[in-house]
Amino acid sequence: MIIILLGPPGAGKGTQAQKIQNSHGLVQLSTGDMLRAAVAAGTEVGKKAKDFMEAGKLVTDEIVVGIIADRIEEDDCKQGFLLDGFPRTVAQAEALDKMLDQKALILGAVVEMKVDDEALVDRITGRYTCADCNQGYHEVNLKPKVDGVCDNCGSTNFNRRADDNRKTVSSRLETYHAQTAPLLPYYEAKGVLKTVDGMADIDDVSAQIKDVLSALA
Ligand code: ADP
Ligand code: AMP
């Protein structure tokens with residue numbers, strides 16, 4: 001099964017992808033996570049991506065399409081995958097269509113997670129992750145069960161993203177509306193777009209996505 005989670009920054013794509021990865025055995029492919037790893041490792045891709053990411057702009061289509069093309073060749077993608085943060089432009093969507101066609105793979109669904117812009121600012125500025133296993137948390141909405149200890153791996157080290165600040169958030173939201181929102185009519189026309197209410201609480205959103213996936217199976 002191949003699924004795309006589509007929505008603005010902070011909509012909950014990563015949160016839901018982590019849950020679906022566990023429940024449905026679909027590997028999560030987050031271009032944001034891959035790019036942050038490249039920046040941290042100081043690779044050529046990371047050097048090219050860093051300034052765009054810090055400014056809340058999109059990295060070039062060429063870079064992200066290349067990253068995804070390589071990644072889906074790996075063995076853990078054979079059972080299907082869940083795209084989180086890719087595609088983000090119509091050119092990326094067209095490149096993905098070509099890659100899937102070449103491998104005779106079918107896109108199961110594009111799940112649009114609809115969230116108001118005002119809620120996104122609070123979600124993004126309150127977000128943090130475990131530095132060791134990348135489990136996502138939120139200062140108010142999703143705290144670890146034991147304060148300061150990761151539920152998943154027991155680590156006491158947490159990270160905040162360099163781009164999760166108020167200034168960059170507005171640029172990221174503008175970028176979403178200008179460059180990524182046109183993917184909604186693109187996938188609607190292909191008959192694969194399914195919309196869920198991303199304003200609902202985390203478990204409710206999971207249940208809505210589960211219903212979409214069950215209807216495909
Ligand atoms: P995205 O991957 O779409 O950028 P995340 O999954 O990282 O978004 O979610 C952004 C923040 O909002 C995280 O801190 C997460 O814990 C929180 N969050 C995710 N889904 C919800 C929800 N349905 N209600 C409230 N907070 C949420
Ligand atoms: P994310 O973790 O999905 O919020 O992505 C963080 C940042 O990485 C974005 O603001 C972009 O700068 C970059 N990025 C991630 N995915 C893509 C993509 N598909 N196309 C272009 N840039 C991307």
Side-chain angles (χ1 to χ4, degrees), residues 4-21 28-40 45-46 48-69 71 82-96 111-130 134-144 150-151 158-165 167-176 178-180 183 196-209:
I4 295 174
L5 292 182
L6 183 62
K13 301 182 297 295
T15 303
Q16 296 300 332
Q18 285 180 339
K19 286 168 161 276
I20 300 165
Q21 174 159 263
Q28 173 192 10
L29 305 186
S30 157
T31 39
D33 284 349
M34 293 176 208
L35 290 166
R36 279 184 288 281
V39 171
V45 162
K48 286 183 189 155
K50 190 170 187 279
D51 290 347
F52 291 106
M53 294 172 77
E54 282 177 0
K57 307 270 183 229
L58 294 184
V59 172
T60 63
D61 291 335
E62 192 191 354
I63 291 179
V64 286
V65 168
I67 291 179
I68 288 291
R71 184 65 183 85
L82 183 67
L83 291 162
D84 157 13
F86 179 92
R88 258 173 153 106
T89 64
V90 171
Q92 291 176 22
E94 288 169 350
L96 176 65
V111 180
E112 178 199 5
M113 303 180 61
K114 233 183 154 80
V115 178
D116 300 343
D117 280 7
E118 302 77 65
L120 295 171
V121 176
D122 286 343
R123 287 194 188 180
I124 291 174
T125 52
R127 166 164 62 189
Y128 62 98
T129 53
C130 172
N134 206 34
Q135 178 69 39
Y137 294 99
H138 188 277
E139 282 167 2
V140 179
N141 306 338
L142 184 63
K143 298 181 187 175
C150 176
D151 296 344
F158 295 90
N159 276 337
R160 276 184 191 267
R161 284 169 47 172
D163 59 346
D164 276 352
N165 56 70
K167 192 163 163 266
T168 312
V169 167
S170 50
S171 160
R172 286 158 68 197
L173 291 179
E174 274 170 35
T175 302
Y176 174 79
Q179 292 182 266
T180 307
L183 292 180
V196 301
D197 174 16
M199 294 293 288
D201 70 34
I202 292 174
D203 288 340
D204 188 326
V205 178
S206 299
Q208 294 178 60
I209 296 177

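Just follow the structure's listing: the first ligand is 1, and inside any ligand the first atom is 1.
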Is it the side chain, the backbone, both or neither of R36 that has a heavy atom closer than 4.0 Å to ligand 2? side chain
Heavy-atom gap G136 to ligand 1 smaller than 4.0 Å: no
Below 4.0 angstrom from a heavy atom of K57, which ligand 2 atoms are there? Numbered from 1 as shown, please. 11 (C), 12 (O)
Which one holds for V64 and ligand 2: side chain close, backbone close, both close, or neither close, with close meaning a heavy atom under 4.0 Å? side chain
Heavy atom to atom 1 (P) of ligand 2, shortest distance: which of R172, M53, R88 holds it? R88
Considering heavy atoms of the protein only, find what lies nearest to atom 7 (O) of ligand 1 and give residue, atom and distance to 0.1 Å. R127 NH1, 2.6 Å
Please report whether ligand 1 has a polar contact with G10, defined as an N or O pair separated by less than 3.5 Å (distance criterion only). yes
Is the contact between D204 and ligand 1 made by the side chain, the backbone, both, or neither, using heavy atoms and a 4.0 Å cut-off? neither
Would a 4.5 Å heavy-atom cut-off, applied to side chains only, mark L29 and D84 as touching? no
State whether the side chain of K114 and the backbone N or O of A11 hold a donor-acceptor pair below 3.5 Å, judged by distance alone. no
Between L35 and ligand 2, which part of the residue brings a heavy atom under 4.0 Å of the ligand: side chain, backbone, both or neither? side chain
Compute the shortest N/O to N/O distance between G85 and ligand 2 and return yes if it is under 3.5 Å, no if not. yes
Ligand 1 and Y128, any nitrogen or oxygen pair closer than 3.5 angstrom? no
Less than 4.0 Å is my threshold; does some heavy atom of G198 fall inside it relative to ligand 1? yes
Which ligand 2 atoms, with their elements, are less than 4.0 angstrom from a heavy-atom of Q92? 18 (C), 19 (N), 20 (N), 21 (C)
Nearest non-hydrogen protein atom, atom 26 (N) of ligand 1: N141 ND2, 2.9 Å
Are I202 and Q16 packed together at the side-chain level, in the sense that at least one heavy-atom pair is separated by less than 4.5 angstrom? yes
With nothing but distance in play, are any N or O atoms of R127 less than 3.5 Å from an N or O of ligand 2? no
D164 and R172 ion-paired at < 4.0 Å: yes
Can you list the atoms of ligand 2 that are under 4.0 Å from a heavy atom of F86? 19 (N)
May I ask you to check whether D33 has an N/O atom sitting below 3.5 Å from an N/O atom of ligand 2? no
SB check R123 D116 (cutoff 4.0 Å): no
Need the ligand 1 atom indices (1-based, order shown) with element for anything under 4.0 Å from a heavy-atom of D201. 23 (N)
What do you reckon, does G7 put a non-hydrogen atom under 4.0 Å from ligand 1? no
Using a 3.5 Å cut-off on N or O atoms only, is V59 in polar contact with ligand 2? yes
Contact between I124 and T168 at the side-chain level, heavy atoms closer than 4.5 Å - yes or no? no
Would you mind checking which non-hydrogen protein atom is closest to atom 14 (O) of ligand 1, with the distance to 0.1 Å? Y137 O, 2.8 Å
Test of understanding: given a 4.0 Å heavy-atom threshold, classify the contact between T15 and ligand 1 as side chain, backbone, both, or neither. both
Can you pull out the closest protein heavy atom to atom 2 (O) of ligand 1? Residue, atom name and distance to 0.1 Å, please. G14 N, 2.8 Å
Top protein contact for atom 4 (O) of ligand 2, by heavy-atom distance: R161 NH2, 3.0 Å
Heavy-atom nearest neighbour in the protein, as seen from atom 8 (O) of ligand 1, with distance rounded to 0.1 Å: G12 N, 3.2 Å
In this structure, atom 20 (N) of ligand 1 is nearest to the protein heavy atom I202 CG1, 3.6 Å
Considering only heavy atoms of L142, which atoms of ligand 1 have at least one such atom less than 4.0 Å away? 16 (O)
Identity and distance of the protein heavy atom lying nearest atom 23 (N) of ligand 1: A200 O, 2.8 Å
Among protein heavy atoms, which lies nearest atom 24 (N) of ligand 1, and at what distance? R123 NH2, 3.3 Å
Ligand 2 and T31, any nitrogen or oxygen pair closer than 3.5 angstrom? yes
